[in-house]
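Count residues from 1 along the sequence. Values in this document were obtained by computation on a predicted structure and should not be read as measured data.
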Amino acid sequence: MRPIEKGKCPQIAGTDKVVTEYGQWRSDLCDRIGEYCVYCNMPINHALQVEHVVPKVPVSGAPAGAKLAWDNMVLACGPCNRAKSNKTSNISLHYLPESHNTHLPFAAIAHSTIPKACIIAPAIGLKRNQLTKAKRTIKLLNLHVVDERDKIVDLRWKKRAEAQLLVNSLYDMLQSTKVLAGFDEDKFAKNIALVAKGCGFFSLWYTAFENEPKVMEKLTDNTIIPGTALSCFDKTNGFKPLPRNTGTDPI
């Protein structure tokens, strides 16, 4: 899950923008963070849904989130939005892309019994409280689910697996090409980032190219792919991922 930074409220003539319907934030969100679901990072080619991080009409007894406030808005795909629904979500219970380095607590893995399916699991090495929080987040969004019904509506697992094949292919291409005379590392790295921009599923790219600083530089370049939280990647150390928070839960 890509950590994001969508910035402060958009302004009109020096004043914070005010909307009367939360869907009016759609174009601003696309400009700031790109046309991707913030949870599964699948590209959203149509029907971009403006999603309330804290539900505007929550389950009974839970606090409601602001209905129109910029700070409570992100973009989500249909499957993530439906899975999350009006369930309670907050930074004390879940890892959320505006508050944590959400690349760190999750891993994409092949499904144990279903070919060509890639699902999300907790990353290896998490502490007990981190593991609990990661599992809770995965369950909130059904990121572990493979939907094989005839009238399938959730393709995240399939598209993620297809993206993994593309990532692996470009990684192998880089390794075989970089040894050739005249290899232009900067240009090749930028082309990889441009492919990643169209593909989405950014943590797959971060994981594969973690030891390729030039590629990581381009993958985290907000002029190529907007909205990545740059504080989550260490520019002085090859753009290695960094915790966004300190203390007892440094993620």
### Query
Does the Asp154 side chain pair with the main chain of Arg156, one donor and one acceptor, at a distance under 3.5 Å?
yes

#### Entry: Neighbour count >12 (heavy atoms, 6.0 Å) for atom NZ, Lys139
no

#### Entry: Euclidean distance, Ile44 CD1 relative to Asn41 CG, rounded to 0.5 Å
9.5 Å

### Task
Verify whether one side chain among Arg2 and Thr228 offers a donor that lies under 3.5 Å from an acceptor in the other.
yes

### Query
Does Ile109 share a hydrophobic cluster with Leu131, counting links as ILVMFWY side-chain heavy atoms below 4.5 Å and allowing steps through other members?
no

### Summary
Heavy-atom nearest pair, Cys199 first then Ala163, reads SG-CB, 3.4 Å

### Query
When hydrophobic residues are tied together by side-chain contacts of less than 4.5 Å, even through go-betweens, does Leu219 share a cluster with Leu174?
yes

### Steps toward side chain to side chain contact (heavy atoms under 4.5 Å, CB included) verdict (Lys159, Glu162)
CA-CA 5 Å; Lys159 295 299 183 182; Glu162 293 172 354; 3.4 Å; yes

### Summary
Across all chains, not counting sequence neighbours, the side-chain hydrogen bond (donor to acceptor under 3.5 Å, both in side chains) partners of Asp172 are none

### Query
Can you say whether the rings of Phe202 and Tyr36 are parallel (under 30°), tilted (30 to 60°) or perpendicular (over 60°)?
perpendicular

### Query
Given the rule in the side chain to side chain contact (heavy atoms under 4.5 Å, CB included) test, do Val195 and Trp205 qualify, once you have shown the distances and angles that lead to the verdict?
CA-CA 10 Å; Val195 175; Trp205 299 88; 3.9 Å; yes

### Message
Using the rule given for side chain to side chain donor-acceptor pair (under 3.5 Å), can you reason through Ser99 versus Arg244, listing the C-alpha separation, both sets of side-chain angles and the distance that settles it, and then say yes or no?
### Response
CA-CA 7 Å; Ser99 302; Arg244 203 169 189 172; over 6 Å; no

### Message
Using only atom types and a distance under 3.5 Å, with no angle test, would you say the side chain of Asn245 pairs donor to acceptor with the backbone of Ile251?
### Response
yes

### Message
Within this structure, what is the CZ-CE distance for the pair Phe201 and Met1, rounded to the nearest 0.5 Å?
### Response
12.0 Å

### Heavy-atom side-chain contact between Leu75 and Val50 under 4.5 Å
yes

### Task
Mind jotting down which residue pairs meet the salt bridge (Lys or Arg N to Asp or Glu O under 4.0 Å) criterion with at least one end in residues 51-75? Sequence neighbours excluded, please.
Glu51-Lys84

### Query
Which pair of heavy atoms, one from Gln175 and one from Val179, lies closest together, and at what distance?
O-CG1, 4.1 Å

### Query
About how many Å separate CD of Gln49 and OH of Tyr22, when rounded to the nearest 0.5 Å?
8.5 Å

### Message
One pair to check against side chain to side chain contact (heavy atoms under 4.5 Å, CB included): Met73 and Val53. What are the steps and the verdict?
### Response
CA-CA 6 Å; Met73 305 297 162; Val53 179; over 6 Å; no

### Task
Inspect the contact between Glu5 and Arg32 and indicate whether a charged nitrogen and a carboxylate oxygen are less than 4.0 angstrom apart.
no

### side chain to side chain donor-acceptor pair (under 3.5 Å) assessment of Tyr39 paired with Asn142
CA-CA 10 Å; Tyr39 301 119; Asn142 282 347; over 6 Å; no

### Message
Assigning hydrophobic clusters by single linkage (Ile, Leu, Val, Met, Phe, Trp, Tyr; side-chain heavy-atom cutoff under 4.5 Å), is Ile138 placed with Val74?
### Response
yes

### Message
Let's go through Tyr206 and Phe233 carefully: what are the C-alpha distance in whole Å and the side-chain angles of both, what is the deciding distance for ring-ring contact (aromatic ring centres under 6.0 Å, His included) to 0.1 Å, and is it a yes or a no?
### Response
CA-CA 10 Å; Tyr206 300 151; Phe233 298 91; 4.9 Å; yes

### Query
Is any side-chain heavy atom of Lys87 closer than 4.5 Å to a side-chain heavy atom of Leu140?
yes

### Query
In Å and rounded to the nearest 0.5 Å, what is the CG to CE distance from Asp234 to Met216?
10.5 Å

### Message
Is any side-chain heavy atom of Arg26 closer than 4.5 Å to one of Leu29?
### Response
no

### Task
Mind listing the closest non-hydrogen atom pair of Pro241 and Leu104 along with its distance?
CB-CD2, 3.7 Å

### Message
Rounded to the nearest 0.5 Å, what separates atom CG in Leu48 from atom SG in Cys37?
### Response
10.0 Å

### Message
Taking atom CD1 as the centre, does Ile124 end up with more than 12 heavy-atom neighbours from other residues, nucleotides or ligands that are less than 6.0 angstrom away?
### Response
no

### Message
Walk me through whether His111 and Cys118 qualify under side chain to side chain contact (heavy atoms under 4.5 Å, CB included).
### Response
CA-CA 6 Å; His111 195 278; Cys118 184; over 6 Å; no

### Task
Answer yes or no on whether Lys116 is positioned over the face of Trp157, meaning its NZ or CZ is under 6.0 Å from the six-membered ring centre and within 45° of the axis.
no

### Query
Does Lys240 NZ have over 12 foreign heavy atoms under 6.0 Å away?
yes

### Query
Do the non-hydrogen side-chain atoms of Val145 and Ile119 ever get within less than 4.5 Å of each other?
no

#### Entry: Single-linkage hydrophobic cluster Leu194~Phe209, side-chain heavy atoms < 4.5 angstrom
yes

### Short side-chain donor-acceptor distance under 3.5 Å, Asn191 and Lys218
no

### Summary
When rounded to the nearest 0.5 Å, the distance separating NE2 of His100 from NZ of Lys133 is 3.5 Å

### Task
Please report the shortest heavy-atom distance between Cys80 and Leu143, naming the atom on each side.
SG-CD2, 4.3 Å

#### Entry: Whether Phe183 and Phe188 hold their rings parallel, tilted or perpendicular, with breakpoints at 30° and 60°
tilted

### Message
Quick check: closest heavy atoms across Asn81 and Ala76, and the distance to 0.1 Å?
### Response
CB-CB, 4.2 Å

### Task
Report whether Ile91 and Leu93 are members of the same hydrophobic cluster (ILVMFWY, side-chain heavy atoms less than 4.5 Å apart, transitive linking).
no

### Query
Taking side chain as C-beta onward, heavy atoms only, is Arg82 less than 4.5 Å from Pro79?
yes

#### Entry: Shortest non-hydrogen contact between Tyr95 and Thr137, atoms and distance
N-OG1, 2.9 Å

### Query
Do Asn222 side-chain atoms and Gly227 backbone N/O form a donor-acceptor pair below 3.5 Å?
yes

### Query
Do Gln24 and Leu68 come within less than 4.5 Å of each other through their side chains, counting heavy atoms only?
no

### Task
Report yes if the side chains of Lys6 and Glu98 come closer than 4.5 Å at any heavy-atom pair, otherwise no.
yes

### Task
Report yes if some heavy atom in the side chain of His103 is under 4.5 Å from a heavy atom in the side chain of Thr207; otherwise report no.
yes

### Query
Distance only, no hydrogens: is a donor on one side chain within 3.5 Å (strictly under) of an acceptor on the other, for His94 and Ser89?
no

### Task
For Asn72 and Ala66, indicate whether the former's side chain and the latter's backbone hold a donor-acceptor pair under 3.5 Å.
yes

